[in-house]
Chemist: 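Let me give you the structure first, and then I'll get to my questions.
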There are 2 protein chains.
Amino acid sequence: MSMPDITTGKWHSLFNEAHCQTCSLSPLCLPLSLEFTDMDEFDAIIRRRAPLKKGETLFLQDATFTSLYAVRSGSLKQVTTEGSGEDQLTNFYLPSELVGLDGIDETRYPGTVIALETTTVCEIPFDRLEALSQDIPELRSQLFRTMSKELRDDRRMMRLLSRKSADQRLASFFVSLSERFRRRGYSPYSFRLSMSRADIGNYLGLAVETVSRILNRFQQQSLVAVSGREVHILDLDTLGCVAEERALDSPGVS
Amino acid sequence: MSMPDITTGKWHSLFNEAHCQTCSLSPLCLPLSLEFTDMDEFDAIIRRRAPLKKGETLFLQDATFTSLYAVRSGSLKQVTTEGSGEDQLTNFYLPSELVGLDGIDETRYPGTVIALETTTVCEIPFDRLEALSQDIPELRSQLFRTMSKELRDDRRMMRLLSRKSADQRLASFFVSLSERFRRRGYSPYSFRLSMSRADIGNYLGLAVETVSRILNRFQQQSLVAVSGREVHILDLDTLGCVAEERALDSPGVS
DNA sequence: CGGCTTCTTGATCTCGATCAATCAGCGTGG
DNA sequence: CCACGCTGATTGATCGAGATCAAGAAGCCG
């Protein structure tokens with residue numbers, strides 16, 4: 001839909017020409033607060049990567065940590081396999097978001113990251129980024145802030161997982177997605193889910209069947225219109241209320 | 001028990017003399033990888049704080065973010081109140097751990113931090129820390145690593161909250177506590193819980209009653225011996241298995 | 001078309017929440 | 001010293017949200 005068309009064959013040139021200075025995402029991405037000259041320096045360490053196709057992995061769990069990745073287009077999921085248990089989907093990544101921050105303190109990435117659709121990323125070698133962050137205080141500061149924000153989001157997720165009902169989880173998910181699309185200049189009301197129901201369930205700690213049923217219920221309540229992976233949000237306000245409301249106050253649920 | 005005695009009155013002098021160079025926690029704390037001269041510089045920006053008594057708050061949710069805090073002794077909990085819902089306990093902090101990292105990207109702390117017992121902390125003004133981290137690459141690197149580790153721990157917590165049974169949660173909690181005490185030089189097998197059952201339940205996403213019941217069960221299975229807040233871990237290995245095992249494989253639970 | 005995977009829908013079962021006492025620990029004041 | 005009240009911990013009985021099991025129904029692609 002709103003993503004550039006991969007089939008034209010113009011990608012490669014487009015993609016070689018790409019620079020932070022001309023990237024529409026730079027106000028959201030790491031170079032956010034950089035001056036032009038600093039941005040040049042930053043841009044110089046970035047490695048553009050060939051696009052990933054749907055289902056391809058950016059890196060595997062336990063691979064040696066070397067780089068962070070900024071998403072340019074498309075989306076990815078991070079999956080952690082631990083012990084005997086099943087996989088846990090810990091994150092979805094959208095354009096301008098930074099992948100790999102949780103790998104810094106170890107030598108390995110703590111999860112596998114997989115493209116959910118055709119996806120392009122910028123590779124940022126971490127040693128060079130760290131060196132550069134010595135000379136550019138804004139860059140360092142921005143890195144700290146990005147990590148801090150991710151910590152904060154994690155805490156929100158913990159609250160969702162430990163206190164919210166299935167309805168509240170789904171509602172939160174849609175509100176959050178809507179907000180993320182809005183910030184990126186896409187419509188907050190109409191978008192296409194790049195992840196399967198199973199992914200959503202795994203991420204939210206719910207069974208696939210539950211996701212399906214609640215989506216159906218939301219549809220009957222005219223909160224959203226869902227057709228396959230196409231989503232139209234009809235009543236964002238109420239959805240926001242559902243997301244935060246205590247299960248008690250919900251009136252005529254019957 | 002293993003904590004210095006607060007009642008002797010010797011605290012204040014002890015506490016004024018305290019420096020990173022002589023602090024037994026420095027190999028675990030932020031100055032971990034610093035040279036002597038660097039550690040002096042770091043030590044100079046630290047502000048020692050008067051001890052907090054049980055129940056006192058280090059800072060309130062939405063207070064302006066200014067500093068990180070390193071725990072010297074005692075322990076704290078972080079509690080977030082959001083919307084109409086109840087509080088969510090997002091973290092316990094033990095000596096050498098860094099409090100406040102999730103406040104960096106906003107101007108405010110995202111939760112209230114409360115002492116669970118008599119607790120001393122070192123205040124580290126963040127603007128000075130950030131400035132210092134420009135000159136001391138090891139310090140900057142350590143900060144990144146600390147934040148990254150916290151991200152990783154958060155992901156583990158999400159897995160616990162979304163996939164693990166109540167038994168597994170409690171077992172994980174004890175294994176994790178045990179490990180944290182061990183790293184700090186305390187006994188990994190005998191310790192005193194500074195938090196209430198309600199706190200544990202809130203943190204693990206369980207009702208108090210459930211915590212109580214499962215503790216009882218663990219006791220009957222001779223995994224732990226619990227008396228009030230005094231804990232003796234009898235079978236750490238099995239506890240570790242319980243923490244990771246899928247509910248299926250557990251053999252003769254009956 | 002057939003052979004996939006993904007999604008939906010229905011029926012049943014279970015774990016842990018909730019409700020409701022009771023009990024234990026503990027500081028306070030008579 | 002002991003009755004009182006308060007908070008925290010335990011124990012028992014019931015209930016319900018959501019998992020699980022089991023079929024179908026759509027898509028999707030060679």
Side-chain angles (χ1 to χ4, degrees), chain A residues 7 53-55 77 85-86 88-89 114 116-117 160-171 173 192-220 224-231 242 245-248 250 253-254, chain B residues 53-55 77 85-86 88-89 114 116-117 160-173 192-220 224-231 242 245-248 250 253-254:
Chain A
T7 61
K53 288 204 280 285
K54 178 175 176 172
K77 63 177 175 183
E86 304 147 22
Q88 167 72 17
L89 205 168
I114 301 171
L116 292 169
E117 59 194 310
L160 179 143
L161 291 172
S162 80
R163 305 234 94 79
K164 291 191 179 182
S165 71
D167 292 52
Q168 293 177 305
R169 294 183 198 191
L170 255 301
F173 180 67
R192 168 164 240 286
L193 299 173
S194 56
M195 67 292 282
S196 69
R197 302 284 193 271
D199 286 339
I200 297 175
N202 190 326
Y203 179 61
L204 296 177
L206 299 171
V208 204
E209 296 93 326
T210 307
V211 173
S212 198
R213 273 185 257 270
I214 291 174
L215 247 47
N216 192 2
R217 181 137 30 93
F218 280 177
Q219 201 147 210
Q220 284 168 13
V224 294
V226 185
S227 166
R229 296 190 171 184
E230 214 63 50
V231 174
V242 173
E245 224 142 30
R246 293 265 47 217
L248 307 170
S250 37
V253 182
S254 117
Chain B
K53 287 204 280 287
K54 178 176 175 170
K77 64 177 173 182
E86 305 147 24
Q88 166 74 16
L89 203 166
I114 301 172
L116 291 168
E117 59 195 309
L160 179 144
L161 291 172
S162 81
R163 306 232 93 80
K164 290 190 179 182
S165 70
D167 292 51
Q168 293 178 303
R169 294 184 198 192
L170 254 301
S172 301
F173 180 68
R192 171 166 237 285
L193 300 172
S194 57
M195 66 293 283
S196 69
R197 302 285 194 270
D199 285 340
I200 298 175
N202 189 325
Y203 178 61
L204 297 176
L206 299 171
V208 205
E209 296 94 325
T210 307
V211 174
S212 200
R213 273 186 257 269
I214 291 173
L215 247 47
N216 193 1
R217 180 137 32 92
F218 281 178
Q219 202 147 210
Q220 286 169 12
V224 295
V226 185
S227 166
R229 295 190 171 186
E230 215 62 52
V231 174
V242 172
E245 223 143 31
R246 293 263 49 218
L248 308 169
S250 36
V253 182
S254 119

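If you're wondering where the values come from, they're calculated on a predicted model, not measured in any experiment. Below, chain A is the first sequence line, B the second, and so on; all start at residue 1.
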Chemist: On the nucleotide dT10(D), are OP1 or OP2 found under 4.0 Å from the side-chain N or O atoms that N216(B) carries?
Modeler: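 Checking N216(B) against dT10(D): no side-chain N or O falls below 4.0 Å of OP1 or OP2.
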Chemist: Does R229(B) contact dG25(C) through a side-chain donor or acceptor facing the base, at a distance under 3.5 Å?
Modeler: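 No.
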Chemist: Expressed as a whole number of angstroms, how long is the span from Q219(A):CD to dC7(C):P?
Modeler: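 Whole-Å distance recorded here is 14 Å.
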Chemist: How far does CD1 of I214(B) sit from CD of Q220(B), to the nearest 0.5 angstrom?
Modeler: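 Those atoms lie 12.0 Å apart.
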Chemist: Counting only side-chain N and O atoms of T210(A), is one of them less than 4.0 Å from OP1 or OP2 of dG18(D)?
Modeler: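 For dG18(D), neither OP1 nor OP2 has a side-chain N or O of T210(A) closer than 4.0 Å.
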Chemist: Could you give the CG-to-P distance, from L193(B) to dG8(D), as a whole number of Å?
Modeler: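 So the CG-P distance, L193(B) to dG8(D), works out to 15 Å.
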Chemist: Is it the case that the base of dT18(C) and the side chain of R213(B) share a donor-acceptor contact (distance under 3.5 Å, atom types as modelled)?
Modeler: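 By the distance-only test, yes, there is a pair.
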Chemist: Rounded to the nearest angstrom, tell me the gap between atom CD in E209(B) and atom C1' in dA13(D).
Modeler: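 Atom-to-atom, E209(B) to dA13(D), this comes out as 12 Å.
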Chemist: Would you kindly give the CG-to-C1' distance between L116(B) and dG8(D), to the nearest whole Å?
Modeler: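 In whole Å, dG8(D) C1' lies 15 Å from L116(B) CG.
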Chemist: Between dT6(C) atom P and I200(A) atom CD1, what is the distance in whole Å?
Modeler: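 So the CD1-P distance, I200(A) to dT6(C), works out to 13 Å.
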Chemist: Please check if any side-chain donor atom of N202(B) sits under 3.5 Å from a side-chain acceptor atom of R163(A), or the reverse.
Modeler: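 Side-chain D/A pair, N202(B) to R163(A): present.
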Chemist: Which is true for A207(A) with a 4.0 Å heavy-atom rule: it touches a base, it touches only sugar-phosphate, or it touches nothing?
Modeler: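 Here A207(A) touches the bases of the nucleic acid.
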Chemist: Closest to the S165(A) side chain: dT20(D), dA17(C), dG18(D)?
Modeler: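 The nucleotide sitting nearest to the side chain is dG18(D).
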Chemist: Select from A198(B) and K164(A) the residue whose nearest nucleotide in DNA chain D is closer to the 5' end of that strand.
Modeler: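 That would be A198(B).
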Chemist: Compare the minimum distances between each of dA17(C), dT11(D), dC7(C) and the side chain of S196(A), then state the nucleotide with the smallest one.
Modeler: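 Comparing dA17(C), dT11(D), dC7(C) against the side chain of S196(A), the answer is dC7(C).
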Chemist: What are the two closest heavy atoms between A171(B) and V242(B), and how far apart are they?
Modeler: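 Nearest pair, atom of A171(B) first, then V242(B): CB-CG1, 3.7 Å.
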Chemist: If you check every side-chain atom of L206(B), which of dT18(C), dA17(C), dT9(C) has the closest atom?
Modeler: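 Shortest atom-to-atom distance from the side chain points to dA17(C).
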Chemist: Of the candidate nucleotides dG16(C), dT20(D), dA9(D), which contains the atom at the shortest distance from the side chain of D167(B)?
Modeler: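 Given the options dG16(C), dT20(D), dA9(D), the side chain of D167(B) is closest to dG16(C).
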Chemist: Are E117(A) and K54(A) ion-paired here, with the side-chain N under 4.0 Å from a carboxylate O?
Modeler: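 So E117(A) does not pair with K54(A) through a salt bridge.
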Chemist: To the nearest Å, how far apart are R197(B) CZ and dT11(D) C1'?
Modeler: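 After rounding, the gap between these two atoms is 14 Å.
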Chemist: Quick one: I214(A) CD1 to dT9(C) C1', roughly how many Å, whole number?
Modeler: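 Distance check: I214(A) CD1 to dT9(C) C1' gives 14 Å.
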Chemist: Just how far, in rounded Å, is P of dA17(C) from CD of E86(B)?
Modeler: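 Nearest whole value for this atom pair: 12 Å.
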Chemist: Check every strand shown and say whether G205(B) touches a base, only sugar-phosphate, or nothing at a heavy-atom separation below 4.0 Å.
Modeler: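 The residue G205(B) makes sugar-phosphate contact but no base contact.
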Chemist: With a 3.5 Å distance limit and no angle check, can you tell me whether R169(B) reaches the backbone of L204(B) through a side-chain donor-acceptor pair?
Modeler: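 Pair found, side chain donor or acceptor close to backbone of L204(B).
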